[in-house]
Structures are given as structure tokens and as C-alpha cells.
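Just so it is clear, the values below take in all heavy atoms, side chains as well, and ignore hydrogens, waters and symmetry mates.
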Amino acid sequence: MVTLDLLAKKDVLTLQKDALVGEVLDKIAAHEYKTAVFLEDKKIIGILTESDLINAFLKGFMHSDSAYRVATKNVFYLQANRSVEYALDVLISKNLKQVPIVKENGEFVGLLTQDALIDYFEGQNNKLKQKAIHLISNHAVVCANVKDTIRECASLMSTYKIGFLPILEDGGLVGSITDMDILNIIKEPNTFDKEVSLFMSRDIVVVDEDASVDEIL
């Protein structure tokens, strides 16, 4: 049986409790996994994601504030000996992008990401052959207007707990922005209240409604 410690990413960004928000913004932007963990005696005492940082700025935090104050303290994690199937169920049911993996003694092992699980299951799971449209919920898609500010977009993403926001103009799709885009934007002063049209990506990949999950991957 493949266990989670084999799939967990080991080169995770780790932080000390005295790290500042501005410092962490730069480090997360440059790091592959876009998530950082606070460790003390090799055990997790906090986790920091893109969403945590965006929420901090919405609440008025500054670059010079403590990053640990922003971090999630009650960290959800999985034991390293759990199965891959169990981890997939947990990430889906709890709508998580990643989850920390720990040893029996609580020592941090690494970070298990959605991408790692997709790589593992790709080619093994017939569900990847089904039409992607069948996975889409019946709820209306959350979108922003091209004239909305970065702050308004960030607030939408925080409220609906999403990391990707389509941008519309006159009812048509003209761009998109992600939580990581917003982190890169707010690294610079006085950008939170500028229009999203100045920063959004216009290079949008569009697929046919009959495309399979496998094709999109």
C-alpha cells in the first residue's frame, strides 16, 4: 500500500514565529507550493495559505505585522501511515488544496497536495475519463466585473472560499485572477483599491463542455 509519507512534498516553506507578513509574501510567491508551515520542535504550530494572507489584508493587516497572527493555529493534519484513498476523500470533503502529513509522534513530514494525488491517480482511475461538466455544481459561478477593485475581488474569493475568479465585461469572459495573483499584487503598496482590469490575466484556457477530466488535466 502506498502511504502518504511517500507522496508528501518535503521541500515545504517553513517559518519561525517572528516572521513578518511582508517577508512571507515574498517567500510564498517564490515557492512552488504557496503554503508555509510554522514549526516548533519539528511539530506544526500553524499553517499559512494564500487565503490566510488575503484575509489578513482585508482585515487591515500591514506588511510589518506578525505573520503568525495570520496563520491558522488549529491545524488539520493526517498521519503518514494513512492510505492515499483516505487522503483523497478528506481533501474533497473538506475542500482542501493541501494537508500537512505528520509521523505518529506529531513530527512534521511534509505537505500532501491535490496535484500529488492527481498525479498518483491519473491513469488508474476511470473517473478521470468522465466529462468534466458532470463535476460542476449547479450553483451559479462566482464572477467579478472588469471594473471591480482588487479588494472587491479578494473579498469575493474570501467569502466563497475560491482561488480562481472569472472576470466579466458586458456579460462576456475577458479575464481571470487567482489568489496567488492577488498576493503578488498586494506586495506593492497602494494596489488593493486599483481595478482588477490592470492586473488580470487575459490568457484564458477554454475547453468544450464535452471535455473529459483527463483531457483538461
Side-chain angles (χ1 to χ4, degrees), residues 1-17 19 23-56 67-132 134-137 157-158 160-164 178-181 183 212-217:
M1 180 181 73
V2 175
T3 51
L4 303 184
D5 55 331
L6 298 177
L7 296 182
K9 307 298 182 183
K10 308 301 192 298
D11 53 334
V12 180
L13 178 60
T14 58
L15 301 171
Q16 301 295 318
K17 288 178 70 173
E23 298 170 350
V24 177
L25 276 174
D26 290 332
K27 290 179 179 179
I28 282 188
H31 205 275
E32 181 179 356
Y33 305 120
K34 315 307 179 192
T35 297
V37 295
F38 288 88
L39 297 183
E40 193 170 75
D41 297 327
K42 299 183 179 180
K43 296 182 180 180
I44 300 178
I45 57 172
I47 187 167
L48 194 63
T49 67
E50 309 105 300
S51 297
D52 292 327
L53 286 166
I54 290 172
N55 287 336
Y68 186 65
R69 286 180 59 200
V70 178
T72 300
K73 309 302 191 305
N74 297 321
V75 183
F76 179 84
Y77 56 82
L78 293 176
Q79 294 285 341
N81 60 359
R82 298 307 297 257
S83 71
V84 181
E85 290 78 10
Y86 175 79
L88 182 62
D89 285 342
V90 168
L91 263 69
I92 291 174
S93 64
K94 293 186 176 294
N95 193 28
L96 301 173
K97 292 182 181 179
Q98 63 276 310
V99 62
I101 306 301
V102 301
K103 297 179 181 178
E104 289 185 11
N105 64 0
E107 186 176 319
F108 178 67
V109 173
L111 199 67
L112 182 67
T113 65
Q114 287 183 356
D115 288 343
L117 287 174
I118 289 171
D119 287 343
Y120 174 78
F121 281 106
E122 194 170 8
Q124 299 185 35
N125 194 335
N126 287 332
K127 288 183 180 179
L128 295 178
K129 306 300 181 184
Q130 69 175 300
K131 291 183 181 180
H134 293 160
L135 302 179
I136 298 174
S137 71
M157 295 166 80
S158 175
Y160 291 97
K161 295 180 173 57
I162 54 177
F164 174 89
T178 68
D179 45 14
M180 201 59 229
D181 293 331
L183 282 192
S212 69
V213 177
D214 195 41
E215 287 178 279
I216 293 175
L217 287 173

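- Qualifying side chain to side chain contact (heavy atoms under 4.5 Å, CB included) partners for F164, counting only residues two or more places apart in sequence or in other chains: P166, S176, T178.
- For the pair L15 and V37, the minimum side-chain heavy-atom distance is 4.5 Å or more.
- K10 places a side-chain N or O within donor-acceptor distance of the main-chain N or O of A8, the cut-off being under 3.5 Å.
- Taking the ring centre of Y68 as origin, the terminal cationic atom of K73 falls inside the region bounded by 6.0 Å and 45° from the ring axis.
- For the atom pair CD1 (I101) and CG (L4), the distance works out to 4.5 Å, reported to the nearest 0.5 Å.
- The side-chain hydrogen bond (donor to acceptor under 3.5 Å, both in side chains) contacts involving residues 104-114 comprise nothing, where partners must be two or more places apart or lie in separate chains.
- Atom-to-atom distance recorded for L112:CG and L91:CG is 6.0 Å, nearest 0.5 angstrom.
- Applying the side chain to side chain contact (heavy atoms under 4.5 Å, CB included) test to V102 and every residue at least two apart in sequence or in another chain returns I44, Y77, Q79.
- Between I28 and M180, some side-chain heavy-atom pair lies under the 4.5 Å cut-off.
- Contact of the E40 side chain with the Q16 side chain is not registered, since no non-hydrogen atoms from C-beta on lie closer than 4.5 Å.
- When side chains are defined from C-beta on, T3 does not count as touching S83, because their heavy atoms never get closer than 4.5 Å.
- Residues satisfying the side chain to side chain donor-acceptor pair (under 3.5 Å) criterion with S51, sequence neighbours excluded, are absent altogether.
- Rounding to the nearest 0.5 Å gives a distance of 10.0 Å between CD1 of I47 and CG of L39.
- The shortest side-chain heavy-atom distance between V12 and F108 falls under the 4.5 Å cut-off.
- Within a 6.0 Å sphere centred on NZ of K161, other residues, nucleotides and ligands contribute 12 heavy atoms or fewer.
- With sequence neighbours excluded, the residues forming a side chain to side chain donor-acceptor pair (under 3.5 Å) with Q98 are T35, listed by chain and number.
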Start with the C-alpha distance between F38 and T14, add both sets of side-chain angles, then the distance that settles side-chain contact (heavy atoms from CB on, under 4.5 Å), and finish with yes or no. CA-CA 6 Å; F38 288 88; T14 58; over 6 Å; no
Are S158 and N55 close enough, and set up right, to give a side-chain hydrogen bond (donor to acceptor under 3.5 Å, both in side chains), and what steps lead you there? CA-CA 7 Å; S158 175; N55 287 336; 2.4 Å; yes
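- Side-chain contact between F76 and V99 is present, with heavy atoms from C-beta onward closer than 4.5 Å.
- The side chain to side chain contact (heavy atoms under 4.5 Å, CB included) check on D52 picks up L48, T49, V70, T72, with sequence neighbours excluded.
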Working note: E50 + K97, criterion side-chain contact (heavy atoms from CB on, under 4.5 Å); need CA distance, chi angles, decisive distance, verdict. CA-CA 11 Å; E50 309 105 300; K97 292 182 181 179; 3.9 Å; yes
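- At least one donor-acceptor pair closer than 3.5 Å links the side chain of K34 to the backbone N or O of A29.
- Salt bridge annotation for D5-R82: absent, with no cationic side-chain nitrogen under 4.0 angstrom from a carboxylate oxygen.
- A donor-acceptor distance shorter than 3.5 angstrom exists from the side chain of H31 to the backbone of D11, with no hydrogens or angles considered.
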